Structure formats: C-alpha cells, structure tokens
2 protein chains.
Amino acid sequence: MVTIKEVAEYAGVSVATVSRTLNNSGYVGKQSRIKVEEAVKTLGYYPNEIARSLYQKTSKMIGLLLPDISNPYFPLLAKGVEDYAQRNGYMVILGNVEDDEEKEEMYVKFFSQYNISGVLSAASGKKSQTYQVPFVLLDRALEEENYSIATDDQLGGELAAKAIIDAKGKQVVVMAGPGNVAGANDRLSGALSVLNDEGLSYQVFETHTYQVDKAEETAVELFESTRPFDSVIASNDVYALAVMKETIKRGHRIPEDIQIIGYDDMLFSRLMYPGLTTIAQPAYEVGYQGAKMLVDLIEKNSIEQKKVKLKPKLMMRDSLR
Amino acid sequence: MVTIKEVAEYAGVSVATVSRTLNNSGYVGKQSRIKVEEAVKTLGYYPNEIARSLYQKTSKMIGLLLPDISNPYFPLLAKGVEDYAQRNGYMVILGNVEDDEEKEEMYVKFFSQYNISGVLSAASGKKSQTYQVPFVLLDRALEEENYSIATDDQLGGELAAKAIIDAKGKQVVVMAGPGNVAGANDRLSGALSVLNDEGLSYQVFETHTYQVDKAEETAVELFESTRPFDSVIASNDVYALAVMKETIKRGHRIPEDIQIIGYDDMLFSRLMYPGLTTIAQPAYEVGYQGAKMLVDLIEKNSIEQKKVKLKPKLMMRDSLR
DNA sequence: ACTAAATGTGTAATCGGTTACAGAATGAGG
DNA sequence: CCTCATTCTGTAACCGATTACACATTTAGT
C-alpha cells in the first residue's frame, strides 16, 4: 500500500502538505497542490482509514444490530441501511444479536474497540445507554429519549381492521403477536380501536412466538380454540400463510368463507394463491432513513425529527372479499 | 476509553510489560503479571483494535460481499457467516454489490483502507485477483484457483429429476434458470442427465431473470409456450410458487394433475398449500463453512480441501405424487 | 517603502498499540 | 565464586495518518 510519506516524497513536499491538500484544510499553495494531486494520481494513493481513525478516534464505520437477519423482514431493512451507507462512504458492520443481551454487549465492546462512529439497532436497545456514540433505534421506539425510525404500527393495525370492515367481515379473530415483538401491541390496539368503533364482534387469539416451525401448530390451535369466524387479522404474513393453509385444508374457501389479512408484505405474499392481502411495512425505507438519520447525527447535521414514524400501506390482493 | 498507558501506570510497570502480559508474548515476571491483571480488571481495560491494527496491518474484520441481501437465499448464508465470525472474535462487514463491478471495486478499496483480513464473496468474483488478502468464494466456484464453498448443484438437479421420476412424472418441463445465476447450469445439467438416462420426454423452458415481479408472467408464459405436461422442475422456489399459483388458477390440481418441485427450500415453501416439495440448499452451512475456511486461511491453519461442495437435500412435501 | 496580515510549508507531537533492542536481575553449572 | 544463559523489564522506534506550532514568504494597506 502506498503511504502518505511516499506521496510526499514523490511530490517533493512534506506529509503535512499532502494531508492538507487531501483534506482541504489549512493553506496549500497552487504549485504544491498540483504536484500532490499528480503524485496521488500516478501512485494511486488512497489514505489508510485505520491510521486516520486512530488519531480522530472515529471512523467511517457504523454498526447494524439485528435480532435475526434470517427473519425476512430484516434483509430489506439491511439493504436500505447498506444503500445509504455506501452512497455516503460508510461501511456497515453486521451484528446478529438475537435479543441476547450477552451478544449485544459483545458488540458494544467490539464497536468501541474499532472506533465505530454510530450504531443502528433493531434489537432490544436496552444497552443503548452504553453506547458512547450516536445511536438510532429501528422499529423499536421506546419511551426513552432515543432517536428512532419506526413503522406506524398503530396505523397498520387500523388499516387492517378497516380493510376487514370494508370487506364486510362480521366475526373477526384478531391475532395478538407475541408481546415481546416490536410493534405487536400497537398493531393490536390499532385494530381493536377500529373494531370497537364499529361495534364489531371480535375475538383475540394470543400467539406466543414468531418461530416459523410453530406457525402451523398455531394455525390449528386457532381453529380449535375459537368460536366460528369469517375473518382473520393475522399478526404477520407467515401466520397468515399458515392460517390460509389450514383454512384450505379444512375445506373452507378464501375469501368466500373466510377472509384473511396479513402484515409485512413479504416476497411470497403476492405469489400465494390466492394472493394475500396485507399491510406492507416500509422496511427498506426504515433502514434507509435510519441510516440517514444516523449519519446526520454523526456529522452533526441538523435533524428534523427525533422520532420518525413511517406509514404502512394496504396491499389489496385476493384474500379479502 | 482506558489506554494501555493508564494500565501501565496503575500497575507500576511499562506499557511493554502490559502488552506482553496481554498477548502472552515474551517473558513476564510473576509479580508483574499479577499486577497487570489486577490493573486491567479494576480499570476495565480492553485494547483498542484500531491501534493494534495499524501496527499489525491486519484486523479482526472480514468482508462479506453479496449480490443482494434481500434475495431470500442470502440472509441465511449471512447468518452462518456471522455466527462463525462472532464465535471467533471477528466482525463482519456487509457489502451489497449487486453484481455491479463498480460497487465491488468500491469495496475492494474500502476493505484495503480498513486492513480487512479476509473476504468472503458470493458475488461475481471477477475482482478476486485484486484482493491482497485471503479470499473465499461462496456458491460461485469458478474454474480458477480460488478457495470456495458451494452447493453441489449438479447433484441438486439430479435429486429433483429423480424425485419426479419416483413420482411417476411422464411429461416434464425443466425450467432453465437464467444463465448468469450461480449454479443454474449445473442444476439443469444434473436434471437433464437423469431424465436422459431414464429416457423420459422433457421440454426445457428458459427463464431470463430471477426478479420476483417477473415470476408471475413467466408462469403464464410457461403454460402458453409448451406442450402439455404433468411435471415441472422449477428453477427455484419463487418460480415454483408462481407456477403453482398459475396451475391452480387454471383449475388443475396439485399434485394430481400437475406436480411441481422447487429449489431452495425457503421459509414459505413448507407453509404453502400444498406444501412444496423442494431441494433444500444448505445456505447457512455454506456461510458457516465459508467463514471457517476463511478464518483458517487468515490464521494459517491447515485446510483440508480447497474446494468444498455441500450436498443439497430433498424435502418431501405435498406437491409431488 | 514599511509594517501587519494573510498565506504557505515543514518539523514534530500525537493517537494507542506492538516489538526490537539493550541492560539488569536471576539462576545454573563448573 | 565466577561465568554464561535465561528471564525480566523498560526505552524508544514504528505503524500511517492529522494537526499544533514555528517560521518563511507573499500580499495588502497606508
């Protein structure tokens, strides 16, 4: 690797002048500037960020903490983060923390050892105080004074319930996502508030996990532990799918006998038969905006809002009447 | 942050002694060792990796280059990588390169600026010569002399065709994945070799893209441009899904009238109705083994095989007779 | 033409580690 | 008891950048 020293030598100036030229800081004469630029070009020089980082005690790296990258919601979010980061010269460090405090702590340490300049977290955020650097929560807006970008899940729940009402659902089952999942409660309360306003009869069915292998059992349980229903507001698309499967298995038609609405809008939701009507979460946007907010924080640009809520969107397909 | 200097002061020794103690290098007296260990403990010291990295010209960071993290195959792979890395004290830097040479070049530069110690790539790998560090290709085994971990797609294709034969398929359509996709050709040739051996009649249907939005159109096209068939070997689960949808739409029954086998085994494949029989790729394993190989390369451990092929597996569900 | 301000440049300190080297202390062997 | 190898420890150089500071040169103002 070419160092600044070699550039200085080649250009016939001191390293200080090279550094000043490259960073547009301090005064640099016309002649020197030209000589340096030429040297940089012919030598193909680019600065070692590690050395820079050592002195500046910061870097162009940001950490991204996720509960589980294999959960289909997060890859899109990660893509949004990576896109913004890349466009602005930052590198993304991926951390899978699985809501495990120990792993999160490991990363807190990692990050400080590497002079990471900021952290984006879609994980618990309990450790947020520990970070000495700018910190933005993704889809986990807590009451505390954190910066955050999240989906407006209350609205999402309302949208889902409204869609069911518009589709003339009469007896509806609302699946309540596991309590520990971000936004699950907001979704539920949004849906219930609309149903209550309309005076519609409904049952709440509790699910205890997001694990895919449990989805099928849960769907069976749903049918067995509830009174007859004609509409289901699922806690997410995976559950919606499982419920659809069980519905068809039991010989009911979708949407004629039972209609179903999901939440997330995953890749496969549109490819199902029938196509799953669902609430689309702006996952990519959450990531992208989150990265933007973080970088603004790092670079001390002004920030419009400390807590941003992005709007989910109803995706009309064929699982509603 | 506590520095080594403060530890040295507190312990009443020199920084050299502290460093030697921490790295178990050179001679350290019993007394000193104890004093240092105590100082480290009470001060809560841990070394700054940036400083270490500057001198050592390497780091505990590895780069992971993916064509598209939002493609459902890669998150699992990424998880495998992250798991192994984390367990061995490495950080993973995520790069989404989208088969775009310019982006890949950007990352090559990024990586060298940060003294990255190794690179895992599921992207084209055309730039692999450019890396000055250990390099392992994931699922893109080229002819060249690279280290690589890949799925045995030839075998995967054979498995799929055999399953169709066992299920008494008579007229089969084989979808040929887009040529630029890793392994697509192997899959095809594996499937065809088995079909040929059995003397079964088949048609090959070319698909030109992996884009999800095109999957539905492609499925329609499949039905319209081929002679009657009773079995489909899809190029992946997304296509399999689209074909299932179109099949049902057209009033055929699965698997009675038309049977379908996919490739990948995605989250949703088991939740479909009917459950999609498919070839499971060991995505997590590819990532995990790849990371292991890379770390072995970095730490100059011995490596058993330069090119590893992992076996795919048939997942029997309900879309075959 | 003379002084003060503005501009240009190099030397050296600094960031926080690792390690070569030299010198001191200890132990072993004769 | 002396010598030499072994063990221990500290000083200082180094990694590759940034920047404070001092000094030199140019420019501007009167």
Side-chain angles (χ1 to χ4, degrees), chain A residues 1-37 39-40 43-61 89 109-117 132-133, chain B residues 1-37 39-40 43-61 89 109-117 132-133:
Chain A
M1 203 184 173
V2 186
T3 70
I4 198 171
K5 218 170 156 185
E6 302 175 57
V7 174
E9 215 157 290
Y10 188 96
V13 298
S14 73
V15 292
T17 299
V18 176
S19 178
R20 279 188 292 252
T21 306
L22 266 37
N23 297 303
N24 280 315
S25 64
Y27 295 112
V28 178
K30 228 178 186 173
Q31 299 299 320
S32 302
R33 162 153 276 126
I34 292 172
K35 281 190 291 180
V36 169
E37 275 163 1
V40 166
L43 298 180
Y45 168 80
Y46 48 96
N48 181 316
E49 286 292 328
I50 291 288
R52 195 206 288 273
S53 171
L54 179 59
Y55 187 90
Q56 316 258 288
K57 292 165 184 298
T58 178
S59 70
K60 287 280 208 167
M61 300 191 272
K109 192 175 152 193
F110 258 0
F111 289 171
S112 99
Q113 287 186 294
Y114 281 94
N115 295 173
I116 290 302
S117 63
Q132 308 282 337
V133 294
Chain B
M1 205 184 171
V2 185
T3 70
I4 197 173
K5 218 171 156 183
E6 302 175 57
V7 174
E9 216 157 290
Y10 187 96
V13 299
S14 73
V15 292
T17 300
V18 177
S19 177
R20 279 188 292 253
T21 308
L22 266 39
N23 298 304
N24 280 315
S25 63
Y27 295 112
V28 178
K30 227 179 186 176
Q31 299 300 320
S32 302
R33 163 154 275 126
I34 292 171
K35 283 189 289 178
V36 168
E37 274 162 2
V40 165
L43 298 180
Y45 168 81
Y46 47 97
N48 180 316
E49 284 293 329
I50 291 288
R52 193 205 289 272
S53 171
L54 179 59
Y55 188 91
Q56 316 258 278
K57 292 163 183 297
T58 179
S59 70
K60 287 279 208 168
M61 300 191 272
K109 193 176 150 191
F110 259 177
F111 289 171
S112 99
Q113 288 185 295
Y114 280 94
N115 295 172
I116 290 301
S117 64
Q132 309 282 338
V133 294

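From a predicted model like this one, the values you see are computed outputs, not experimental measurements. The figures that follow rest on heavy atoms only: side chains count, while hydrogens, waters and symmetry mates do not. By convention in this document, chain letters (A, B, ...) are assigned in the order of the sequence lines, proteins followed by strands, and residues within each chain are numbered from 1.
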Peer 1: Check each residue of residues 22-37 of chain B for a non-hydrogen atom within less than 4.0 Å of any atom in DNA chain D, then write out the ones that pass by number, or none.
Peer 2: B/Y27, B/V28, B/G29, B/S32
Peer 1: Rounded to whole Å, please give me the gap between CZ in A/R20 and P in D/dA17.
Peer 2: 16 Å
Peer 1: Would you say that A/M1 contacts A/Y46 through its side chain, given a criterion of any heavy-atom pair below 4.5 Å between the two side chains?
Peer 2: yes
Peer 1: Does CD in A/Q56 sit with more than 12 non-hydrogen atoms of other residues, nucleotides or ligands closer than 6.0 Å?
Peer 2: yes
Peer 1: Expressed as a whole number of angstroms, how long is the span from B/I4:CD1 to D/dG10:C1'?
Peer 2: 13 Å
Peer 1: Identify the two heavy atoms, one from A/S59 and one from A/I116, that lie closest to each other, and give their separation to 0.1 Å.
Peer 2: OG-CA, 3.7 Å
Peer 1: Got A/Y114 and B/M61 here, is their nearest side-chain heavy-atom distance under 4.5 Å?
Peer 2: yes
Peer 1: Could you check whether A/S19 gets within reach of a base, just the sugar-phosphate, or nothing at all, counting any heavy atom under 4.0 Å?
Peer 2: base
Peer 1: Have a look at B/E49 and say if it touches a base, only the backbone sugar-phosphate, or nothing, with a 4.0 Å heavy-atom cut-off.
Peer 2: nothing
Peer 1: Between D/dG16 atom P and A/L43 atom CG, what is the distance in whole Å?
Peer 2: 15 Å
Peer 1: Main chain of A/T17, side chain of A/T21: is a donor-acceptor contact present, judged purely on distance under 3.5 Å?
Peer 2: yes
Peer 1: Expressed in angstrom and rounded to an integer, what is the separation of B/R52 atom CZ from D/dC14 atom C1'?
Peer 2: 16 Å
Peer 1: Nearest of D/dG10, D/dT19, D/dG16 to any side-chain atom of A/A16?
Peer 2: D/dT19
Peer 1: Let me spell it out: for each of B/Q56 and B/T17, pick the nucleotide of DNA chain D with the closest heavy atom. Which residue's pick is nearer the 5' end?
Peer 2: B/T17
Peer 1: Which whole-number value in Å describes the distance from B/L54 CG to D/dA13 P?
Peer 2: 17 Å
Peer 1: Going 5' to 3' along DNA chain C, which are the first and last nucleotides with any atom under 4.0 Å from a heavy atom of chain A?
Peer 2: C/dT7 to C/dG16
Peer 1: Is a side-chain donor or acceptor of A/E49 paired with a backbone partner of A/K60 at a separation under 3.5 angstrom?
Peer 2: no
Peer 1: Going by atom types only, do A/R33 and A/N24 share a side-chain donor-acceptor pair under 3.5 Å?
Peer 2: yes
Peer 1: What's the separation between atom CD1 in B/I50 and atom CD1 in A/I50, rounded to the nearest 0.5 Å?
Peer 2: 3.5 Å
Peer 1: Should A/V7 and A/V2 count as side-chain neighbours, where that means a heavy-atom distance under 4.5 Å?
Peer 2: yes
Peer 1: Taking any heavy-atom pair under 4.0 Å as a contact, classify A/K5: base, sugar-phosphate, or nothing.
Peer 2: nothing
